[in-house]
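Input: a single structure, listed below in structure tokens.
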Amino acid sequence: MTVYGNFPGSRPRRLRTTPAMRRMVAETRLDPANLILPAFVREGIDAPVAISAMPGVQQHTLDTLRKAAVEAVSAGVSGIMLFGVPTDEKKDARGTAGTDPGGILQVGLRAVREEVGDDLVVMSDLCLDEYTDHGHCGVLTADGRVDNDATLERYAEMAQVQADAGAHVVGPSGMMDGQVGVVRDALDRTGHEDVSILAYTAKYSSAFYGPFREAVGSSLKGDRKTYQQDPANARESLRELALDVEEGADMVMVKPAGPYLDILAKVADSVDVPVAAYQISGEYAMIEAAAEKGWIDRDAAIMESLTGIRRAGAQMILTYWATEAAQRLGR
């Protein structure tokens, strides 16, 4: 080939020549400290229960939950987000198991704090959906709608019992208007000023939640489109963001992560508080299923998906691969 003048004048490929070169000039770095492990603790079982739609993920006993927390600490993971799975007979219209100091989530929180202390940031899902017999994230009116303000009263109670049980961070995830302000006030009034709030700021009504419903034994009837965000909307997320920060959110979250990287980037560019994203059950299940079929390279796909979320602006990523990915990054 005849080369004319200085053509090509620029050769970006020079910075891709070796693994060491690519590592040196990488613009985005993924670290174990960026990762948070979501974990499910189930009442009334004496052995962990596999979640069929999420290969490799299980509903924990208290003992296996403790072990998972220790393993996460050893891998360098920053946090663990706990979800409680009560027995069906404990569920009722008001989700009272969620505010019972002896409820499964509170028992799980105490177990993890006893096991790892402050070596792991212990987080709790603050929502009623796991504990209601109708599966919605709040108290229902007589005609079956979620009553926003009555639900906020329940969230205030939940915040107190979760903080009493040892949560470093509570994560109000129900998408009720005013939830962050009510939770902040409840924490401060009960002597829990140091407990942080991770606000589920932009939580979309997503088809990708399907496997999670198995994970928490959901009793959902209907859908959550009247309170979770419409996937078609972007500006709305910035309005929710402004409200959450004004109400006292210490950290904010976008959920799901992968299908909403544009929202994540907008949020990250708009605030000066830490930003999280939740790589949810459907995102996990799709990669695992495609890999099981031999259609994709599982390990490479996991790391690429996490890097993409980090590149879009997430400082913290909730992912079911947290411990596995942290172990790989630490090698």
Side-chain angles (χ1 to χ4, degrees), residues 40 42-44 83-106 124-164 170-187 189-190 197 199-233 236-237 239-240 243-244 246-249 253 255-256 280-281:
F40 307 99
R42 178 172 167 179
E43 189 172 28
F83 296 85
V85 186
T87 58
D88 285 344
E89 55 268 24
K90 295 281 184 71
K91 296 181 181 182
D92 60 27
R94 291 181 56 80
T96 52
T99 51
D100 178 358
I104 185 59
L105 178 55
Q106 285 69 254
S124 56
D125 177 60
L126 199 163
C127 196
L128 289 171
D129 60 319
E130 294 99 324
Y131 311 101
T132 54
D133 53 13
H134 47 73
H136 279 285
C137 297
V139 179
L140 301 186
T141 62
D143 60 358
R145 294 179 298 107
V146 175
D147 186 327
N148 191 95
D149 295 0
T151 298
L152 294 182
E153 295 179 13
R154 301 288 294 125
Y155 286 4
E157 296 177 58
M158 292 189 82
Q160 178 180 344
V161 297
Q162 291 178 1
D164 286 345
V170 297
S173 61
M175 290 300 287
M176 296 297 119
D177 294 339
Q179 63 184 13
V180 172
V182 166
V183 167
R184 181 72 271 158
D185 182 64
L187 291 170
R189 283 189 292 102
T190 56
I197 297 176
Y200 283 60
T201 290
K203 184 178 181 181
Y204 282 86
S205 180
S206 173
F208 293 98
Y209 294 132
F212 182 86
R213 305 231 167 103
E214 178 190 346
V216 296
S218 175
S219 303
L220 180 64
K221 301 175 179 68
D223 59 49
R224 297 176 176 141
K225 293 181 179 179
T226 62
Y227 46 101
Q228 294 179 351
Q229 283 186 235
D230 186 334
N233 293 349
E236 182 181 36
S237 64
R239 183 182 183 196
E240 294 278 7
L243 290 168
D244 282 353
E246 181 181 352
E247 291 174 25
M253 186 196 293
K255 180 181 182 181
I280 66 169
S281 59

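The first residue in the sequence is number 1, and the count goes up from there. When reading the values below, keep in mind they use all heavy atoms of this one structure, side chains included, and skip hydrogens, waters and symmetry mates.
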Pairwise distance [atom1]([X]) to [atom2]([Y]) - rounded to 0.5 angstrom:
X	Y	atom1	atom2	value
Thr190	Glu157	OG1	CD	11.5 Å
Gln160	Thr99	CD	OG1	10.0 Å
Asp125	Phe40	CG	CZ	9.5 Å

Heavy-atom count around Phe208 CZ within 6.0 Å, excluding the residue itself: above 12?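 Incorrect, the count does not exceed 12.
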Thr96 pairs by side chain to side chain contact (heavy atoms under 4.5 Å, CB included) with which of Lys91, Lys90, Arg154? Arg154
Which of Lys255, Lys203, Met175 passes side chain to side chain contact (heavy atoms under 4.5 Å, CB included) with Gln229? It is Met175
Which heavy atom of [X] sits nearest a heavy atom of [Y], and at what distance?
X	Y	value
Leu152	Asp177	CD1-O, 3.4 Å
Asn233	Tyr204	O-OH, 2.7 Å
Pro101	Val161	CG-CG1, 4.5 Å
Val180	Ala199	CG2-CB, 3.7 Å
Gln162	Leu105	NE2-CD2, 3.5 Å
Pro172	Val183	CB-CG2, 4.4 Å

Please report the C-alpha distance between Met158 and Val170 in whole Å, then the side-chain angles of each, then the deciding distance to 0.1 Å, and finally whether the side-chain contact (heavy atoms from CB on, under 4.5 Å) criterion is met. CA-CA 9 Å; Met158 292 189 82; Val170 297; over 6 Å; no
Test item: Ser206 and Ile280 side chains (from C-beta on) under 4.5 Å apart, heavy atoms: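 In contact.
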Check the pair Asp129, Phe83 against side-chain contact (heavy atoms from CB on, under 4.5 Å), reporting the backbone distance first and the verdict last. CA-CA 10 Å; Asp129 60 319; Phe83 296 85; over 6 Å; no
Do the side chain of [X] and the main chain of [Y] share a donor and acceptor less than 3.5 angstrom apart?
X	Y	value
Gln106	Asp100	yes
Thr151	Val139	yes
Glu43	Gly84	no

For side-chain contact (heavy atoms from CB on, under 4.5 Å), just list the numbers for Leu187 and Ile197, CA-CA rounded to whole Å, side-chain angles, deciding distance to a tenth of an Å, and then say yes or no. CA-CA 10 Å; Leu187 291 170; Ile197 297 176; 4.0 Å; yes
Set out, in order, the CA-CA distance, both residues' side-chain angles and the distance that settles side-chain contact (heavy atoms from CB on, under 4.5 Å) for Val146 and Leu140, then state yes or no. CA-CA 4 Å; Val146 175; Leu140 301 186; 3.7 Å; yes
